[in-house]
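One structure below.
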Protein chains: 4
Amino acid sequence: MSEAEIELTGHIIDSMILPKVFGAVYDLSGEFEVLEFRIGKTKNDYSYTRMRIIGKNRQHLDTILAELQKLGAVVTEKAVDAELILAPADGVLPDDFYSTTNHPTFIMINGKWVKAENQEMDKAIVVRDGQPYSIPMRKVKKGELVVVGNKGIKVTLPERSRKKEIFSFMSSTTSSEKPTLSLTRMIAMEMFELRKNGGKIVVVPGPAVIHAGAAPALSELIRMGYVHVILSGNAVAVHDVENSVYGTSLGMDLKTLENYEGGHRHHLMAINLIRKAGSLKEAVEKGVIKSGIMYECIRNNVDLVLAGSIRDDGPVPDVITDVMEAQDAMRNALKNADLVLMLATTLHSIAVGNMLPSTVRTVCVDINPAVVTKLTDRGTYAIGIISDIGAFLPRLVQELWQIEGTF
Amino acid sequence: MSEAEIELTGHIIDSMILPKVFGAVYDLSGEFEVLEFRIGKTKNDYSYTRMRIIGKNRQHLDTILAELQKLGAVVTEKAVDAELILAPADGVLPDDFYSTTNHPTFIMINGKWVKAENQEMDKAIVVRDGQPYSIPMRKVKKGELVVVGNKGIKVTLPERSRKKEIFSFMSSTTSSEKPTLSLTRMIAMEMFELRKNGGKIVVVPGPAVIHAGAAPALSELIRMGYVHVILSGNAVAVHDVENSVYGTSLGMDLKTLENYEGGHRHHLMAINLIRKAGSLKEAVEKGVIKSGIMYECIRNNVDLVLAGSIRDDGPVPDVITDVMEAQDAMRNALKNADLVLMLATTLHSIAVGNMLPSTVRTVCVDINPAVVTKLTDRGTYAIGIISDIGAFLPRLVQELWQIEGTF
Amino acid sequence: MSEAEIELTGHIIDSMILPKVFGAVYDLSGEFEVLEFRIGKTKNDYSYTRMRIIGKNRQHLDTILAELQKLGAVVTEKAVDAELILAPADGVLPDDFYSTTNHPTFIMINGKWVKAENQEMDKAIVVRDGQPYSIPMRKVKKGELVVVGNKGIKVTLPERSRKKEIFSFMSSTTSSEKPTLSLTRMIAMEMFELRKNGGKIVVVPGPAVIHAGAAPALSELIRMGYVHVILSGNAVAVHDVENSVYGTSLGMDLKTLENYEGGHRHHLMAINLIRKAGSLKEAVEKGVIKSGIMYECIRNNVDLVLAGSIRDDGPVPDVITDVMEAQDAMRNALKNADLVLMLATTLHSIAVGNMLPSTVRTVCVDINPAVVTKLTDRGTYAIGIISDIGAFLPRLVQELWQIEGTF
Amino acid sequence: MSEAEIELTGHIIDSMILPKVFGAVYDLSGEFEVLEFRIGKTKNDYSYTRMRIIGKNRQHLDTILAELQKLGAVVTEKAVDAELILAPADGVLPDDFYSTTNHPTFIMINGKWVKAENQEMDKAIVVRDGQPYSIPMRKVKKGELVVVGNKGIKVTLPERSRKKEIFSFMSSTTSSEKPTLSLTRMIAMEMFELRKNGGKIVVVPGPAVIHAGAAPALSELIRMGYVHVILSGNAVAVHDVENSVYGTSLGMDLKTLENYEGGHRHHLMAINLIRKAGSLKEAVEKGVIKSGIMYECIRNNVDLVLAGSIRDDGPVPDVITDVMEAQDAMRNALKNADLVLMLATTLHSIAVGNMLPSTVRTVCVDINPAVVTKLTDRGTYAIGIISDIGAFLPRLVQELWQIEGTF
């Protein structure tokens, strides 16, 4: 038998934290005893609890404590300096490495809680010059100090929103039985406010945006100033250029729905065009492409990252074909993002979701509810909108026009 | 060995009829020999073929011929009067009864091809006073003349559309990778033309129309004169009334997305309200409901059929709880329909699909591609639009406004 | 300002009840004050709280209290006799009627808590000879005593399972990323235990069971004694008979996957066969059908309810075509059910879900995750298994064979 | 007005080629005239046609001819040597480059039809030493001879299978309403025959194979000798190792369904383990992993290609992080494949589909019908099985055991 004390403070009941703590102890076959409990008397007051956690042995207790820590519990006895061990080789962690959540995390160093930079899920924490950083395993250098065990680590979970707004619906089940127009209006309002206040909006579009005929809508969003970063791939770039130059997407005329001869040919011709010009930027400068998402990104200085995939034809020269390099570029572009819109793409949505701290507001629009389920199963906090991107994006633009006209 | 001759005339190559005939003989392990073949020289000319079909024995041959007949083949030796046998009991057919397709069908009676009335899939053909009718099995009376075997029966398949329009895309795979706005515009144009020419439009909405916030759009379509019949069920009526009276759908405010106390209570209160008023019509007249789909149907004399299901709460008094009576009412309302819009409902879409001749233009909008697949697997010719009804319907209204403004 | 006191007892933290109470007050813009709080010291102890709830006015307060009541709160001042009002007309409730949850509910009558019979969601409670019954609105007779308001009503929510077993996973997100074989084994174990202890198992199959080739597996389950009730519809009966008599399903040979001539013809012939025999029972007795699900039901005295729908061809004479009569028959057959298996059917799953008290264990197997989402959104507590019924059912049988062999 | 003659030979009617030719001319607003037509008299005879195709001008005619060529038409006047133009720069094609289909293609060089090597969709054809090769655009070197225009090119389409077997069902609509066990048996039979005859089987598994608990089944398939190549990614390798070492998948115990503390931690620990060992191969040799898919691949000399993606954690050292290098490795491993099984993965299925000639038999198993639709929309000929991989794979193994036991 081995035991330890933990403390929890905050809206721990209505944010479901306390029930989760009870559940975790239960699931892991531990025992608990509530030593002290002060409930927030009104809905603005914090609650506080001090509990004893009991495990079968030290290892079992540590397993439970690690889990509770992820829920925001501070292990009282462990509010000591975090334990640091040297990485045994480049890209290899010490066995007992601490793996991160996507919540803001503090490490105790020399008796002080220091917030880790670049918070991201499933990373290691390395301490450089007294500052903890959340970094991917492969970037750890031999001999760097890596946080191990579970002492001196504090995680702060997002609490239930006190403001009545769309992001308080996050936790509810995603369902296609939601009123699309109202959801769209709320997201438009959020974007309007963010732009006004200098916020940063990242858009992650999939090729369905173009097939579904929504490229003009996304182009308009860029021109209106609602897009600061686009994270996407070769297919989006190519289909967008095909659409701009030939008016088709995989050979289908997006206006008349007629199939042109050589659908795939247009697609390859678009790639060849860009390769010939040298890059998307040069293609814009040389007047080869005169409209579309890529054009607007380049004209409006939107930060554009195109990551490679094994499905790529071509690819266009702007694509980063090494996926680890691509991840780094995406991470960089995501810094300080306030809102991320994921539009009809599974691969990029999950990749981006993995890189986001839980504090970033995320919206995932997809016609397939399984995409949203996958995303949230992996720990990304996202509002799921089960809709057709070809209908959703034009409506979002209309809502923004209306809001701008009103204010 | 047993053999027979068949003839085929029409655009039998580009309408895929000849390949299907070859395929059917092949699938059923028969043999064929082409005796005569005249190909249409240009795309407007008919082709003609005369073939010998060979089966292992008379029964095998009949099996093959029955299949070819469904594809439009006329069995030459069988261009004699159809064989008629008396029904052995009420609602029971003779063993060898002919079962119908949903294509226009002609029966030879006294040496003349007479077109069957009320063409519908999976029915029997009964001859009354020399006129063939396609009717459900359960409506056959003992002693009525039922068409049996495969003599004297001619089916005419729809041919590939010569006009370049949306309904020529019917055959293509349903995919969510289609440009929604263009599809919507084409359907709007079709509706505009139909209304102008006195066509009849039937709408088959599911409850998701209301949950998704599209009730105002459907109400507007009714007011604009684009809806002549609504075929639906209790849930649509109840959610629509709930939405009109309380502004909620299953208790969620469709504007603010907040959940009211007692979602289900609003829902039941809506039912109780209508039951108290006596019927939807009386509720409108007494001023109990003042807006919404049901209200507009009643105010605009739209033919409304509400069919019962085992999921129904209540139900409201207007619901026909006997499903066979409900089928009859639906059949009646569907007569002479030109266009059917199926909106986010599996049960009603398939039920209505079963009742439609193949000559009626059908559009099925659903977020789940499996619904469209199910529908077309069962032989209904429908354009599938994989979209979110909450975004689709408002856009359809916008397109119609624009078309009306333009013309 | 208007206020009231409520009490909550039980595992109110780990069963998420207290957080939900806080959330509900918050959502409805009320205020609360915790007057007393005793937390269960260990995981087996109950917690208790007494709270003051504050609304803007009496009506607002009542709205909040009604919601809290559904979560199991007992309104202290309201632990008085429930208020009863006479129904104004047959099938019409008093305006302020209490609408039920699917949780066990107690009504205070003459100072005593009496449990309502036939607990079901979205019903009214009528008191007959001092005994409360949960009944559908349409069954209330003029002048019967109906529970109104929110006094004297107590709801008991199911608590988090203390036993580590499959039904404790209920609350987790349904996802296709679950190990199918392990889930199947657990359900098999549950069925084995239930049968051993005289439990009652209800199966609700959809037509996909037959199309997917799982009719032999379901037949075997019946023979093995694991099925006490089957709730289904015309399509299942017809496809099953078609399969037994002709070896096809909608005309496709389920073994060779070849399409026979006249798929729909087999289907109609099967219906005609049963209509001619008089009923399924007579068809079995006369030797017309000699195997299959229907055959096994009749031979093994399984309680079979076939409910009508507007999609039905025929139907076979055993189908109850009036949906309200069908509901009553289903309700009757569901009494004292311990486990319900919903197999690949949306309509019947939701209909049955609406009739079940929350205490019945429910498993929903469907290839489409949206079916499970719909079911649980409507308040049914079900384990969702996203699988292909054609692979799932044969495996379930294998697992049961193995368990039986082992014990 | 401009015109040309084409010829078509083969089972052009029952393979739908002639109808497609008529349709293509029609879609592109051209005209045709049938000059000669000889129909195959019986089902084994070839048909032959010679047609005049008429376009508005030379360019329009060329557009039509290019399309007909893809359908197998030989442009009579163009049965001259193919036109070759020098590539203007590395990785850039001449403007009028010919883009390939996935069907066997012949190029006329010095008056002889020479078959292109490495046939793949959407590639260019380069002639090296008189031998045409289908290659990706980026691999063309400046100054290489690239086929342009549409002269001297002949495409041969796959014809309707004469043998009654599963791959003749290819063309039918994918639907979940298919009998899973029969489909599984047919595929098992196909695999058994292939193995016996020295055929090559490629498996393309997604991570759902492991989450769904099917890793033991795939491992068994490898041991039984039914897998010659595995094309996959980092996630499959990592989840498989996690499962082998810890018995969990993303932290969930696949047997008991319990969640362990730190699901993601196991996942990261598995990666760290492999990185520490140096590679998967070294991990097997050092005894770090002792079972699972990766283990069996290495022990049984299965050709394993792991391609990188931006979703990857880690990755393990065996992953090829440059997607273009990964494509090349996949292409290489796919050479001479006879059967490809795509198991619950969208990204890899489509990537592999793009690399396959149309002559390779392909099976795609996924719970989501949209994956199969996407695959076939892009031109891959695949049998779609809509099933749960966790139930499908174990059954496939059982069928193979049974077949092996029988023969």
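Because only heavy atoms are used, hydrogens play no part in the values below, and waters and symmetry mates are left out as well, while side chains stay in. Every chain is numbered from 1, with letters handed out A, B, ... down the list of sequences.
Checked options C:Leu356, C:Asn102, C:Val155, C:Thr105; the residue passing with C:Gln119 is C:Thr105 (criterion: side-chain contact (heavy atoms from CB on, under 4.5 Å)).
Within the cation-pi definition used here (under 6.0 Å to the ring centroid, within 45° of the axis), C:Arg265 does not qualify as a partner of B:Tyr98.
Interface residues of residues 314-321 of chain B toward chain C, defined by a heavy-atom distance below 4.5 Å and sorted by number: B:Gly314, B:Pro315, B:Thr321.
Ranked by non-hydrogen atom pairs under 4.5 Å with chain B, the options C:Arg311, C:Lys276, C:His348 are led by C:Arg311. Contact count versus chain C (heavy atoms, under 4.5 Å) is highest, among B:Asp312, B:Asn272, B:Val92, for B:Asn272. Ranked by non-hydrogen atom pairs under 4.5 Å with chain B, the options C:Thr101, C:Leu273, C:Asn354, C:Asp95 are led by C:Asp95.
Between C:Lys142 and C:Asp90 the shortest side-chain heavy-atom distance falls below 4.5 Å.
Contacts of C:Asp328 with chain B are absent, with no heavy-atom separation under 4.5 Å from either backbone or side chain. With a threshold of 4.5 angstrom between heavy atoms, B:Asn234 does not approach chain C through any atom at all.
The number of heavy-atom neighbours closer than 6.0 Å to NZ of C:Lys286, taken from other residues, nucleotides and ligands shown, is above 12.
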Verdict with reasoning, B:Lys139 to B:Val126, per side chain to side chain contact (heavy atoms under 4.5 Å, CB included): CA-CA 10 Å; B:Lys139 297 211 156 180; B:Val126 158; over 6 Å; no
Chi angles and distances behind the side chain to side chain contact (heavy atoms under 4.5 Å, CB included) call for C:Val25, C:Leu68: CA-CA 8 Å; C:Val25 175; C:Leu68 301 189; 4.1 Å; yes
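Judged by distance alone, the side chains of B:Thr100 and B:Glu120 never bring a donor and an acceptor atom under 3.5 Å apart. Under 3.5 Å, the side chains of B:Asp122 and C:His267 contain no donor-acceptor pair of N or O atoms.
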